Chemist: 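Below is one structure. I have some questions about it.
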Amino acid sequence: MVNTTALNPHEMALKNFDKAANALDLDINLRDRLKYPERELIVHFPVKMSDGSVKVFTGFRVQHNTARGPAKGGIRFHPDTNLDEVRALATWMTWKCAVVGIPYGGGKGGVCCNPKTMTLHELEGLTRRFTSEISIIIGPEKDIPAPDVYTNPQTMAWIMDTYSMTKGYCVPSVVTGKPLEIGGSLGRNEATARGTVYTVEEACRKLGINVEKSTTVVQGFGNAGAIAAGFMNDLGSKVIAVSDSRGAIINQNGLDIPKVVEFKAKTGSVVGFPGSDEITNDQVLELECDILIPAALENVITPENANKIKAKIIGEAANGPTTPEADEILHSNGIFMIPDILANAGGVTVSYFEWVQNVQHLFWKEIDVNEKLKSIMVKSFNDVVKISEEKNVNMRLAANMLAIQRVANAVKLRGIYP
Ligand code: NAD
């Protein structure tokens, strides 16, 4: 997945902002306020490692914009994470919450580490100390973290516990994506994938593609990717190829996704799944298929491979998988794009439901969660399609225009303090 045209993700976010701001003819006095994060915290903190040594890690929490509500966004544990990546992800969270109309701003966090080489004990120590470092800016009314790449409900439980210990009482609403036992929401674990698949179904309907006769390819086989592959499989789509950080597999007759999930849980990778052939991580994106779901990291669809992409629909479960230049190529090749801030907004939407349940001390049934999610995803998809058709712009620009206008209205109404 290494490519020579990889853009700094924050530059990518700014380029897409400028395009939308120009298309909206946005007030010049609002532009910089909307472009740059309100607050950025960098922390360097020690963790006691299992061999007795002490290692210092670097972490970030960025709050991009809080005009529409508290900052909301995941925490990523990855060796390559850096301030610009976190800035970009925080920016996309602002637009994402606005595009689906939930009352949050955008935030994101990350710790530069390799969780694959760390023990559970070390990960717990890292999570707890990082939480304590960023506790000066997070809180149920201020900034509410959630899972992202290589963090999960257990990580959220440690964050919730650490924050609660310092407060002296239980504060479940400080994070979402928690285990059910401590205030998580039914349907949250599957929400990102479920939301992506709702938008893919809408796109299929629009393009006249029969989902039951379709083929799907998924890049990335974690929370977003593996569950999206499972849902596509349940809808009758043939999932012909999937990949993870160690490689990619294909079976033109369709992979048995629940079995691939079991295989990965046992072996740590999809590679070697019986009855599949191995292909490269680059090839997986270029396969003949109806639906391509990138669900790994940023910058994977670039001008180098955009012309080789044969999918009819791309549903971006990942954040920032397509560079702005690649976007233009895909659009001119007639590929229907469901952009990240729309396609993967199901996760933050059900995070919002989890937070609402926590602050009200209520629990909703899973069917209610999923129905409310579907209605938001379908409406948001159609809102974006409407702008795309009325203004004759591509789906990403339309989604950004909708979101940025909503945030701009909020910033303008609130004015400047003091
Ligand atoms: P995860 O850690 O559960 O899974 C990430 C997957 O990507 C793993 O299977 C990993 O092996 C794979 N991967 C890593 N490098 C790869 C590579 N070079 N090629 C192919 N696969 C690779 O993370 P996740 O939560 O599923 O997040 C994936 C993407 O979805 C990220 O862009 C994230 O920001 C986005 N996202 C996640 C959520 C959520 O609720 N989890 C919500 C919105 C967006």
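We use all heavy atoms of the structure for the numbers below, so side chains are in, but hydrogens, waters and symmetry mates are not. As the structure lists them, so they are numbered: ligands from 1, and atoms in each ligand from 1. Predicted model only: the values in this text are computed from it and were never measured.
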Chemist: For atom 8 (C) of ligand 1, which candidate among Ala193, Gly320, Gly222 provides the closest heavy atom?
Modeler: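 Looking at heavy atoms only, Gly222 sits closest to atom 8 (C) of ligand 1.
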Chemist: Check ligand 1 against Val149 and write out every atom of the ligand that is under 4.0 Å from a heavy-atom position of the residue.
Modeler: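 By the 4.0 Å cutoff, the relevant atoms are 2 (O), 23 (O), 27 (O), 31 (C).
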Chemist: Report the part of Ala317 (side chain from C-beta onward, or backbone N, CA, C, O) that has a heavy atom under 4.0 Å from ligand 1; answer both or neither where that applies.
Modeler: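 Backbone only.
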Chemist: Determine, using heavy atoms of Lys264 and all atoms of ligand 1, whether some pair is separated by less than 4.0 Å.
Modeler: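 Yes, Lys264 has heavy atoms under 4.0 Å from ligand 1.
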Chemist: Can you list the atoms of ligand 1 that are under 4.0 Å from a heavy atom of Tyr150?
Modeler: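 Going through ligand 1 atom by atom, the ones under 4.0 Å from Tyr150 are 2 (O), 10 (C), 11 (O), 14 (C).
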Chemist: Quick one about Glu38 and Thr66 (side-chain donor to acceptor, distance below 3.5 Å, no hydrogens or angles considered), yes or no?
Modeler: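 On atom types as modelled, these side chains qualify, holding a pair under 3.5 Å.
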Chemist: With a 4.0 Å cut-off, would you call Asp18 and Lys35 a salt bridge?
Modeler: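 Yes.
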Chemist: Relative to atom 1 (P) of ligand 1, which among Asn189, Asn223, Val284, Thr151 owns the nearest non-hydrogen atom?
Modeler: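 Among Asn189, Asn223, Val284, Thr151, the closest heavy atom to atom 1 (P) of ligand 1 belongs to Asn223.
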Chemist: With sequence neighbours left out, which residue pairs that include part of residues 190-202 fulfil the salt bridge (charged side-chain N to carboxylate O under 4.0 Å, His left out) condition?
Modeler: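 Non-adjacent pairs meeting salt bridge (charged side-chain N to carboxylate O under 4.0 Å, His left out): Glu202-Arg205.
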Chemist: Is it the side chain (CB and beyond), the backbone, both or neither of Ala295 that lies under 4.0 Å from ligand 1, heavy atoms counted?
Modeler: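 The answer is the backbone.
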Chemist: Are Lys372 and Asp368 close enough for a salt bridge, meaning some N to O gap below 4.0 Å?
Modeler: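 No, Lys372 and Asp368 are not salt-bridged.
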Chemist: Measure centre to centre between the rings of His10 and Trp92, then say whether the value is under 6.0 Å.
Modeler: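 Centroid distance His10-Trp92: not below 6.0 Å, so no.
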Chemist: Report yes if Phe221 has an N/O atom closer than 3.5 Å to an N/O atom of ligand 1; otherwise report no.
Modeler: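 Yes; at least one N/O pair falls below 3.5 Å.
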Chemist: With a 4.0 Å cut-off, would you call Lys178 and Glu354 a salt bridge?
Modeler: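 Salt bridge present between Lys178 and Glu354.
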Chemist: Which ligand 1 atoms, with their elements, are less than 4.0 angstrom from a heavy-atom of Asn344?
Modeler: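 Per the distance check, 43 (C), 44 (C).
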Chemist: With a 4.0 Å cut-off on heavy atoms, is Lys116 touching ligand 1?
Modeler: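 In this structure, Lys116 fails to qualify as a contact of ligand 1 - no heavy atom is under 4.0 Å.
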Chemist: Verify the ring-centre separation between Phe130 and Phe57: is it less than 6.0 angstrom?
Modeler: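 Ring centroids of Phe57 and Phe130 are no less than 6.0 Å from each other.
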Chemist: Can you check whether Gly225 has an N/O within less than 3.5 Å of an N/O in ligand 1?
Modeler: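 So ligand 1 has no N or O lying under 3.5 Å from an N or O of Gly225.
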Chemist: Pairs of nitrogen or oxygen atoms closer than 3.5 Å, one from Ala296 and one from ligand 1: do any exist?
Modeler: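 Min N/O separation from ligand 1 is below 3.5 Å for Ala296.
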Chemist: Among side-chain atoms of Lys312 and Ser214, is any donor-acceptor pair under 3.5 angstrom?
Modeler: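 Per modelled atom types, Lys312 and Ser214 side chains form no pair under 3.5 Å.
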Chemist: Please confirm whether Arg76 comes under 4.0 Å of ligand 1, counting heavy atoms of the residue only.
Modeler: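 Arg76: in contact with ligand 1 (<4.0 Å).
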Chemist: Shortest non-hydrogen contact from Pro172 to Ile182?
Modeler: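 Reported closest heavy-atom pair: CB-O, 3.9 Å.
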Chemist: Show which atoms of ligand 1 fall inside a sub-4.0 Å distance from at least one heavy-atom site of Ala224.
Modeler: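 In order of numbering, the contacting atoms are 26 (O), 30 (O).
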Chemist: Give the atom numbers and elements of ligand 1 that come within less than 4.0 Å of a heavy atom of Ser243.
Modeler: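 Near Ser243, meaning under 4.0 Å from one of its heavy atoms, ligand 1 has 20 (C).
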Chemist: Which atoms of ligand 1 sit under 4.0 Å from any heavy atom of Arg188?
Modeler: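 Once the distances to Arg188 are compared, the set is 40 (O).
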Chemist: Under a 4.0 Å N-O cut-off, is there an ion pair linking Arg61 with Glu133?
Modeler: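 Glu133 and Arg61: not salt-bridged.
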Chemist: Provide the number and element of each atom of ligand 1 under 4.0 Å from a heavy atom of Gly220.
Modeler: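 Matching atoms, with element in brackets: 7 (O), 12 (C), 21 (N).
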Chemist: Have a look at ligand 1 and work out which part of Asn319, if any, has a heavy atom under 4.0 Å from it: side chain, backbone, both or neither.
Modeler: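 It is both parts that get close, each with some atom under 4.0 Å.
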Chemist: Can you run down the salt bridge (charged side-chain N to carboxylate O under 4.0 Å, His left out) pairs that involve residues 86-111, sequence neighbours left out, and say none if there aren't any?
Modeler: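 Output for this query lists Glu40-Arg87, Asp84-Arg87, Lys108-Asp148.
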Chemist: If the cut-off is 4.0 Å to any non-hydrogen atom of Asp244, which atoms of ligand 1 fall inside it?
Modeler: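 Per the distance check, 9 (O), 11 (O), 19 (N), 20 (C), 21 (N), 22 (C).
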Chemist: Between Arg128 and Glu124, does at least one N-O distance fall below 4.0 Å, as a salt bridge requires?
Modeler: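 Looking at Arg128 and Glu124, the cut-off is met.
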